[in-house]
Amino acid sequence: MICVHTLLLYPAFPDTFWSFKHALKFVRKRASLPPLGLLTVAALLPKEWEKRLVDLNVQPLTDEDLAWADLVCLSAMIVQRPSAEALITRCKAAGKTIVAGGPLFTSEHAQFPAVDHFVLNEAELTLPAFLRDFTQCCARRVYATTEFADIQQTPAPLWELANLRAYASMSLQYSRGCPFDCEFCDVTVKFGHNPRTKSAAQVIAELDGLYRQGWRGQVFFVDDNLIGNKRALKTELLPALIAWQQGRRGLPFYTEASINLADDPELMRLMAEAGFDGVFIGIETPDDSSLAECNKRQNQGRDLVADVKRIQRAGLQVQGGFIVGFDSDTPSIFQRQVDFIQRSGIVTAMVGLLNALPDTRLHARLKLEGRLLGRSTGDNADGTTNFVSRMNAAALCEGYRRILRQIYSPGPYYQRVRTFLREYRRPRITVRMDWRQGLAFVHSALRLGLLGRERFHYWRLLTWTLFHRPRHMSLAVTLAIYGHHFRKCSAALSPE
Ligand code: B12
Ligand code: SF4
């Protein structure tokens, strides 16, 4: 077998709410998470091939990297399109062969004429055929499939290719797919409705791998919906994680799940016991007709604030995704979203404008109705949308900005942190305090407590926490830093 020098390339993210760029500076980290897709692809490539990862979010691509490479493997989400296009131009100018895969190319490969080969959908299924043809010098341009992979066969990601210290968190995937069917979601298009899970032994082996590499921080389970298969979770994975955490300092986990988590006290208890301390939930909207419109049936007819509080009381911080711009939305939606977010104590509230991603049912409907305006930027929180909304576009845009101004301005933001800390039960496992946390505190005291316009709120929060929730002090500082990031991003979108 020949040895191919393979350069795995991950384009830069723009500076968005999800980049956490302004918060990462406080802890001296360069990016939130490593590119798990590419690390998984690396594990699927022949062992004999030499591999190098360049994640542009943590390091630049050098001419030496390019000169070294025989083959470039490129991955990207839609939001990374500008950086991906620049990388394609640079790699082609250097005469390199490019193989592209991942969400951007799986949805829109026709828009990249300069790319040599597309290995689309799940690499477990499409990469073997490409590798076979490539080594026989007869590789086709496109490899795609409509099947879903058996992820019990997926190898552990090659963590050793990444500089773990550059990242705030590690990622790990237990399942793919989600049983629900929200109209705007492209996860189910790409990964199906039947949640496929890895075995508990695979996940434990991946955690062992991370631990061996010296990782002692947070781990994000990047599942679309961790609780898609509750039975496997309760009987296999969570007991295995609980056992794994015993006898070691342990790693804190966070994940994504649907709101019906609140209906299952046993599941919440097991998750907290296993080390989960946070969960991202697509709340979307407090408006039942908008929920019906997008077929988010699991959120309908519920007291969503009470659900959130139940999850917080179980020891899981809820981060929430919210959307405005549904056809059913009326001008009252903006204030209702703000009120909801404030009452729920969801500190990390990611509010976006509805966008139609390629291949989704929403995209198909809007196309049929003649309302599509063009392609989405891939970031639903950049204040743009790609279809003609029912509400007047200027009113929608202004209402959206008003939400951001209100929820991230210091008064309501810090109030929300207190609302949350009142409910939240301290998680079982926390990250060990190290010099980075100490530095983050000093940095925040200077930047936010001395120079920031939120200084009054900052010290009020810390004093309140000291007296009422002293064990949450480090979390309070972290959330104050997040607030700084959110304010920076929302100010860029919505200058006062
Ligand atoms: C983790 C994650 C993140 C992390 C990213 C961390 C990182 N460095 O990658 C964070 C939290 C930062 C994030 C943010 C966002 N994300 Co995100 N994220 C995910 C999530 C949940 C998991 C991705 C993952 O790691 N999967 C595990 C790996 C193993 O799977 P994979 O990447 O798909 O790779 C497989 C294949 O795609 C393929 N493959 C991938 N790359 C390559 C390359 C080659 C060469 C080959 C051959 C194959 C191949 O092989 C792999 C194995 O099968 C996905 C949901 C999902 N199910 O994909 C959304 C998802 C990727 N995110 C999405 C979006 C929209 C966003 C945001 C833009 C949110 C927003 N504001 O609207 C932000 C943007 C970030 C920013 N800074 O601006 C969309 C992307 C849609 C699209 N078509 O582009 C997804 C699909 C979720 C969704 N539908 O909403 N995200
Ligand atoms: S619950 Fe989340 S992952 Fe599942 S279909 Fe809805 S938006 Fe997609």
Side-chain angles (χ1 to χ4, degrees), residues 6 8-10 12-21 31-45 55 57-58 71-81 98-108 115 117-127 130-131 143 148-149 151 154 157 162 167 169 171-173 175-191 193 195 220-225 228 255-260 280-282 284 294-299 321 323 350-353 355 357-360 376-382:
T6 315
L8 300 139
L9 264 188
Y10 202 53
F13 284 113
D15 181 9
T16 63
F17 281 94
W18 279 116
S19 70
F20 281 98
K21 189 175 136 193
S32 308
L33 295 152
L36 193 60
L38 277 179
L39 295 177
T40 306
V41 167
L44 290 162
L45 291 172
D55 175 355
N57 299 288
V58 306
L71 184 69
V72 172
C73 284
L74 178 68
S75 177
M77 297 186 206
I78 295 175
V79 73
Q80 291 159 291
R81 181 197 300 274
I98 305 176
V99 185
L104 169 64
F105 304 104
T106 296
S107 320
E108 305 186 350
V115 170
H117 307 282
F118 293 101
V119 178
L120 308 178
N121 309 104
E122 293 171 90
E124 289 86 343
L125 294 178
T126 47
L127 193 61
F130 167 76
L131 291 173
Y143 293 79
F148 295 120
I151 60 171
T154 301
Y167 297 95
S169 178
S171 44
L172 188 154
Q173 189 177 45
S175 70
R176 290 186 199 158
C178 172
F180 297 110
D181 192 21
C182 307
E183 192 193 31
F184 53 79
C185 176
D186 76 340
V187 157
T188 43
V189 181
K190 290 194 169 64
F191 302 106
H193 290 289
F220 179 22
F221 278 64
V222 300
D223 299 36
D224 309 310
N225 185 354
T255 190
E256 304 186 341
S258 43
I259 191 71
N260 54 319
F280 178 89
I281 298 181
E284 325 304 5
C294 69
N295 198 34
K296 193 121 197 163
R297 59 176 199 283
Q298 69 275 26
N299 288 29
I323 299 178
M350 297 300 200
V351 189
L353 277 178
N355 264 265
L357 291 179
D359 306 327
T360 56
S376 164
T377 59
D379 177 8
N380 73 350
D382 66 1

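Numbering of ligands and ligand atoms starts at 1, following listing order.
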Heavy-atom pair of closest approach, residues Ala100 and Leu120: O-CD2, 4.3 Å

Close side-chain approach of Lys296 and Phe180, heavy atoms under 4.5 Å: no

Phe13, Trp18, Phe20, Phe220 screened by side-chain contact (heavy atoms from CB on, under 4.5 Å) with Ser32, the one that passes: Phe20

Which of the ligand 1 atoms, numbered from 1, are nearer than 4.0 Å to a heavy atom of Ser19: 77 (N)

Side-chain heavy-atom pair Ser19, Pro14 within 4.5 angstrom cut-off: no

Residue-ligand contact Arg176/ligand 1, heavy atom below 4.0 Å: yes

Stepwise side chain to side chain contact (heavy atoms under 4.5 Å, CB included) check, Phe130 with His117: CA-CA 9 Å; Phe130 167 76; His117 307 282; 3.6 Å; yes

Subset of ligand 1 atoms that lie under 4.0 Å from at least one heavy atom of Leu74: 43 (C), 44 (C), 45 (C)

Non-hydrogen atoms of Thr40 and Glu124 that approach each other most closely: CG2-OE2, 4.3 Å

Heavy-atom nearest neighbour in the protein, as seen from atom 12 (C) of ligand 1, with distance rounded to 0.1 Å: Trp18 O, 4.0 Å

Atom 48 (C) of ligand 1 protein-contacted, heavy-atom criterion under 4.0 angstrom: yes

Per-atom contacts, ligand 1 versus Thr16 - under 4.0 Å to a heavy atom: 76 (C), 77 (N), 78 (O)

Flag: protein heavy atom within less than 4.0 Å of atom 65 (C) of ligand 1: yes

Best match, His117, Met350, Gln173: closest heavy atom to atom 27 (C) of ligand 1: Gln173

Aromatic plane relationship, Phe105 with Phe118 - under 30° parallel, 30 to 60° tilted, over 60° perpendicular: tilted

Per-atom contacts, ligand 1 versus Glu122 - under 4.0 Å to a heavy atom: 53 (O)

Protein contact to atom 1 (S) of ligand 2 [nearest heavy atom, distance to 0.1 Å]: Gln298 NE2, 3.2 Å

Residue, atom name and distance, where the atom is the protein heavy atom closest to atom 58 (O) of ligand 1: Phe191 CE1, 3.6 Å

Side chain proximity check, Tyr10 to Met77, heavy atoms < 4.5 angstrom: yes

Ligand 1 versus Leu8: contacting region, heavy-atom distance under 4.0 Å: neither

Residue and atom name of the nearest protein heavy atom (relative to atom 39 (N) of ligand 1), distance in Å to one decimal: Gly102 N, 3.5 Å

Nearest candidate to atom 84 (O) of ligand 1, where distance is taken over non-hydrogen atoms, out of Ile78, Leu71, Val58: Ile78

Closest protein heavy atom to atom 2 (Fe) of ligand 2, given as residue, atom name and distance to 0.1 Å: Lys296 NZ, 4.0 Å

Contact with ligand 1 for Ser171, non-hydrogen, under 4.0 angstrom: no

For Gln298 against Ile259, the heavy-atom pair lying closest together: O-CG2, 3.3 Å

Proximal candidate to atom 71 (N) of ligand 1 [heavy atom criterion; set Leu353, Thr6, Asp379]: Asp379

Atom 54 (C) of ligand 1 within contact range, any protein heavy atom under 4.0 Å: no

For Phe184, the option from Thr360, Ile323, Leu357 that meets side-chain contact (heavy atoms from CB on, under 4.5 Å): Ile323

Asp223, any N or O under 3.5 Å of ligand 1 N or O: no

Heavy-atom closest contact (Ala381 atom, Val351 atom, distance): CB-O, 3.8 Å

Contact (N/O only, under 3.5 Å) between Leu38 and ligand 1: no

Nearest heavy-atom neighbours spanning Thr188 and Cys178: CG2-O, 3.5 Å

Shortest protein contact, atom 8 (Fe) of ligand 2 (heavy atom only): Cys185 SG, 2.4 Å

Contacting atoms of ligand 2, where contact means under 4.0 angstrom from a heavy atom of Phe180: 5 (S)

Ligand 1 atoms in contact with Val99 (distance to a heavy atom under 4.0 Å): 45 (C)

Residue, atom name and distance, where the atom is the protein heavy atom closest to atom 6 (Fe) of ligand 2: Cys182 SG, 2.3 Å

For Val41, atoms of ligand 1 separated by under 4.0 Å from a heavy atom: 42 (C), 46 (C), 48 (C), 49 (C), 50 (O)

Shortest protein heavy-atom distance from atom 36 (C) of ligand 1, along with the residue and atom involved: Asn121 O, 3.6 Å

For Thr40, atoms of ligand 1 separated by under 4.0 Å from a heavy atom: 29 (C)

Check: Glu256 N/O within less than 3.5 Å of ligand 1 N/O: no

Backbone or side-chain N or O of Met77 under 3.5 Å from ligand 1 N or O: no

Sub-4.0 Å heavy-atom approach of Phe105 to ligand 1: no

Stepwise side chain to side chain contact (heavy atoms under 4.5 Å, CB included) check, Gln80 with Leu104: CA-CA 8 Å; Gln80 291 159 291; Leu104 169 64; 5.9 Å; no

Atom 24 (C) of ligand 1 [closest protein heavy-atom partner, distance rounded to 0.1 Å]: Val222 CG2, 3.9 Å

Contacting atoms of ligand 1, where contact means under 4.0 angstrom from a heavy atom of Cys73: 45 (C)

Under-4.0 Å heavy-atom contact with ligand 1, by part of Tyr10 that carries it: side chain

Protein heavy atom at shortest distance from atom 4 (Fe) of ligand 2: Cys178 SG, 2.3 Å

Cys185 heavy atom under 4.0 Å from ligand 1: no

Protein contact of atom 56 (C) of ligand 1 - nearest heavy atom, named by residue and atom, plus distance: Asp224 OD1, 3.3 Å

Residue-ligand contact Lys190/ligand 1, heavy atom below 4.0 Å: yes

Ligand 1 N/O within reach of Glu124 N/O, cut-off under 3.5 Å: yes

Part of Val119 within contact of ligand 1 (heavy atoms, under 4.0 Å): both

Least distance between heavy atoms, Val189 atom then Asp359 atom: CG2-O, 3.4 Å

Ligand-residue contact atoms, ligand 2 with Thr188, heavy atoms, under 4.0 Å: 5 (S)

Any N/O pair Leu104/ligand 1 closer than 3.5 Å: no

Top protein contact for atom 11 (C) of ligand 1, by heavy-atom distance: Leu33 CD1, 4.0 Å

Option of least heavy-atom distance to atom 50 (O) of ligand 1 (set: Ser175, Ala123, Gly282): Ala123

For atom 88 (C) of ligand 1, closest protein heavy-atom neighbour: Asp186 OD1, 3.5 Å

